[in-house]
Amino acid sequence: MENILITGGAGFIGSHVVRLFVNKYPNYQIFNLDKLTYAGNLENLTDIEGAPNYSFLKGDIVDSDFLANIFNKHNFDAVIHLAAESHVDRSISNPLEFIKTNIVGTVELLNAARTSWGTNFEGKRFYHISTDEVYGSLGEKGLFEETTPYDPRSPYSSSKASSDHLVRAYFHTYGLPVVISNCSNNYGSHQFPEKLIPLFINNIKNNKPLPVYGKGENIRDWLWVNDHAKAIDLIFHKGKNGETYNIGGHNEWTNIALIKELCHIMDEQLSRSKGTSERLITFVKDRAGHDARYAIDASKIKDELGWIPSITFEEGLRQTVNWYLENVEWLNRVTSGDYQNYYQNQYQKR
Ligand code: NAD
Ligand code: DAU
């Protein structure tokens with residue numbers, strides 16, 4: 001039996017990782033630690049919340065006493081750290097929250113692991129989940145490699161870059177067995193509708209304008225969230241300590257091309273005549289410091305660990321659209337804020 005702490009498991013990517021680990025590894029005890037910020041939603045995990053190898057721990061990674069308590073009580077063998085403030089636009093309006101959770105919270109977790117594990121790191125692992133945004137903004141050519149110098153440009157990416165450096169510092173300074181991965185933009189089910197794809201699906205469904213920043217020419221490299229979760233599983237089990245692995249879909253889209261594709265799929269799924277949804281496109285003021293292009297070179301994880309994405313973007317996007325259209329209740333509860341009562345009803349009464 002291994003005790004694994006997954007932080008941020010009630011969020012978008014974290015919930016997919018928790019689900020994968022709970023179902024695939026019945027001999028692991030999975031502890032999901034989440035503060036349940038606006039982005040944390042336990043309704044993402046209703047299908048596995050009763051599993052015997054799953055427990056939920058409500059808490060804040062910035063709280064060192066809380067972390068010391070749970071490390072003492074559960075003797076975690078490993079940490080998979082996803083908890084973060086994750087939305088670039090929010091980091092522009094409120095940077096401090098990002099510094100607290102993404103930097104201070106990561107150091108508190110590193111300290112808790114180090115205190116709990118002492119000097120015997122046999123069978124231990126601290127896996128830090130990061131982003132391709134730490135590498136900055138690409139021009140028309142080139143890809144982010146693991147050796148690309150860091151050049152973060154938003155408060156969000158700067159806080160993630162800082163946390164990556166600190167995780168590496170704990171490897172070099174204290175010998176903590178760490179591994180890091182940096183992934184490109186994820187899409188899929190259960191994503192909070194503030195990020196481009198779920199926000200636009202919801203707006204199209206409700207005939208609301210689609211606010212495209214600037215000219216819509218910025219480029220992102222999209223990966224299906226379940227493929228990211230599979231890569232995390234592989235790196236957690238087979239990655240080497242002290243190493244970094246880039247994860248990406250080799251799937252670059254300008255925002256405007258992606259939005260038009262989304263409109264096309266939505267017209268089909270909602271039986272609207274061709275071109276109806278595109279009429280909702282509205283160009284708005286650009287994001288401050290908007291990074292022009294992200295694109296990942298994922299050859300290291302392919303060559304060393306054998307990982308490649310399992311489905312095409314067209315398949316993944318259709319599946320994603322269908323999920324949001326079939327889970328209107330989830331979407332309504334998230335957009336109305338009702339999902340925040342779930343914890344109260346489910347756990348506080350016990
Ligand atoms: P998300 O915002 O959907 O979820 C974050 C989760 O962390 C939420 O459940 C939230 O409640 C929890 N959390 C926030 N602050 C906390 C705190 N102080 N203590 C405990 N829990 C806290 O984020 P996501 O999109 O699922 O991203 C997860 C991780 O993956 C982040 O570290 C992010 O930087 C990274 N990442 C995301 C993407 C992407 O495209 N979404 C791509 C690459 C890397
Ligand atoms: O690259 C990985 C990163 O991808 C993750 O680390 C972040 O956590 C995640 O949020 C995501 O960051 P982006 O800023 O790329 O994602 P977002 O969905 O916010 O925006 C995608 C693109 O769409 C970006 O160029 C901005 C644009 N956009 C976004 C929104 C929300 C719009 O044009 N209009 C919008 O309303």
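Note that ligands are numbered from 1 as they come in the structure, with each ligand's atoms numbered from 1 the same way. Note: hydrogens, waters and symmetry copies are ignored here, and every other heavy atom, side chains too, is used.
- Separation of atoms CG (D164) and CG (N182) is listed at 5.0 Å; rounding is to 0.5 Å.
- Smallest separation of non-hydrogen atoms from N41 and E43: OD1-N, 2.9 Å.
- When every heavy atom of N246 is checked against every heavy atom of D297, the shortest pair comes out as CB-O, 3.6 Å.
- Between F121 and W117, the ring planes are perpendicular. Angles over 60° get that label, and only those under 30° would be called parallel.
- Here atom 35 (C) of ligand 1 lies nearest to I129 when heavy atoms of I247, L223, I129, L196 are compared.
- Close approach to Y294 involves these atoms of ligand 2, each under 4.0 Å from a residue heavy atom: 1 (O), 15 (O).
- Among all protein heavy atoms, the one lying closest to atom 14 (O) of ligand 2 is R287 NH1, 2.6 Å.
- Between K160 and ligand 1, at least one N/O pair is under 3.5 Å apart.
- No part of D291 comes within 4.0 Å of ligand 2, judged by heavy-atom distances.
- With a 4.0 Å cut-off on non-hydrogen atoms, N185 touches ligand 2 through its backbone as well as its side chain.
- Checked by distance only, ligand 2 and E194 stay at 3.5 Å or farther apart across all their nitrogen or oxygen atoms.
- Ligand 2 has no atom lying under 4.0 Å from any heavy atom of K160.
- Interface of V88 with ligand 2, defined as ligand atoms under 4.0 Å from a residue heavy atom, comprises 14 (O).
- Below 30°, between 30° and 60°, or above 60°: for H128 and H81 the angle between ring planes is between 30° and 60°, a tilted geometry.
- For the pair R114 and Y174, the cation sits on the ring face: its NZ or CZ lies under 6.0 Å from the ring centre, inside 45° of the axis.
- Ring planes of H190 and W323: tilted class, angle from 30 to 60°.
- Inspection of the D65 and N69 side chains reveals no N or O donor paired with an N or O acceptor under 3.5 Å.
- Within the 6.0 Å centre-distance limit, the rings of F313 and W253 are counted as a close aromatic pair.
- Across all non-hydrogen atoms, the minimal contact from K58 to K35 is NZ-O, 3.7 Å.
- In terms of N/O distances under 3.5 Å, ligand 2 is not approached by S184.
- For atom 12 (O) of ligand 2, the nearest non-hydrogen atom of the protein is E133 OE2, 2.8 Å.
- Using a 4.0 Å cut-off to heavy atoms of K195, the atoms of ligand 2 that qualify are 10 (O), 18 (O).
- D132 OD1, 2.5 Å is the protein heavy atom nearest to atom 1 (O) of ligand 2.
- Contacts between L196 and ligand 2, counted as non-hydrogen atom pairs separated by less than 4.0 Å, involve both the backbone and the side chain.
- Nearest heavy atoms, E194 versus Y38: OE2-OH, 2.7 Å.
- Not a single N or O atom of T131, backbone or side chain, sits closer than 3.5 Å to an N or O atom of ligand 1.
- With respect to atom 5 (C) of ligand 2, the closest heavy atom belonging to the protein is Y156 OH, 3.6 Å.
- At the top of the distance list for atom 36 (O) of ligand 2, counting protein heavy atoms only, stands P211 O, 3.4 Å.
- Closest heavy-atom contact between S184 and I296: CB-CG1, 4.0 Å.
- Summary of contacts: the protein heavy atom closest to atom 3 (O) of ligand 1 is F12 N, 3.0 Å.
- In terms of protein heavy-atom proximity, atom 33 (O) of ligand 2 is closest to Y213 N, 2.8 Å.
- The aromatic rings of Y156 and F98 sit perpendicular, their planes meeting at an angle over 60°, well past the 30° parallel limit.
- Looking at L82 next to ligand 1, an N or O pair under 3.5 Å apart turns up.
- Among all protein heavy atoms, the one lying closest to atom 15 (N) of ligand 1 is T101 CG2, 3.5 Å.
- Between Y38 and ligand 1, a contact under 3.5 Å exists for no N or O pair.
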Would you sort out whether F31 and Y54 count as a ring pair (Phe, Tyr, Trp, His ring centres under 6.0 Å), showing the intermediate values?
CA-CA 6 Å; F31 295 86; Y54 172 74; 8.9 Å; no
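- Distance from atom 7 (C) of ligand 2 to its nearest protein heavy atom, with residue and atom name: S86 O, 3.5 Å.
- Atom 23 (O) of ligand 2 has as its closest protein heavy atom N255 ND2, 3.4 Å.
- Between I61 and ligand 1, a contact under 3.5 Å exists for at least one N or O pair.
- Judged by the 6.0 Å and 45° rule, R333 forms no cation-pi pair with Y339.
- Here is the list of ligand 1 atoms found below 4.0 Å of a heavy atom in K35: 16 (C), 17 (C), 18 (N), 19 (N), 20 (C), 21 (N), 22 (C).
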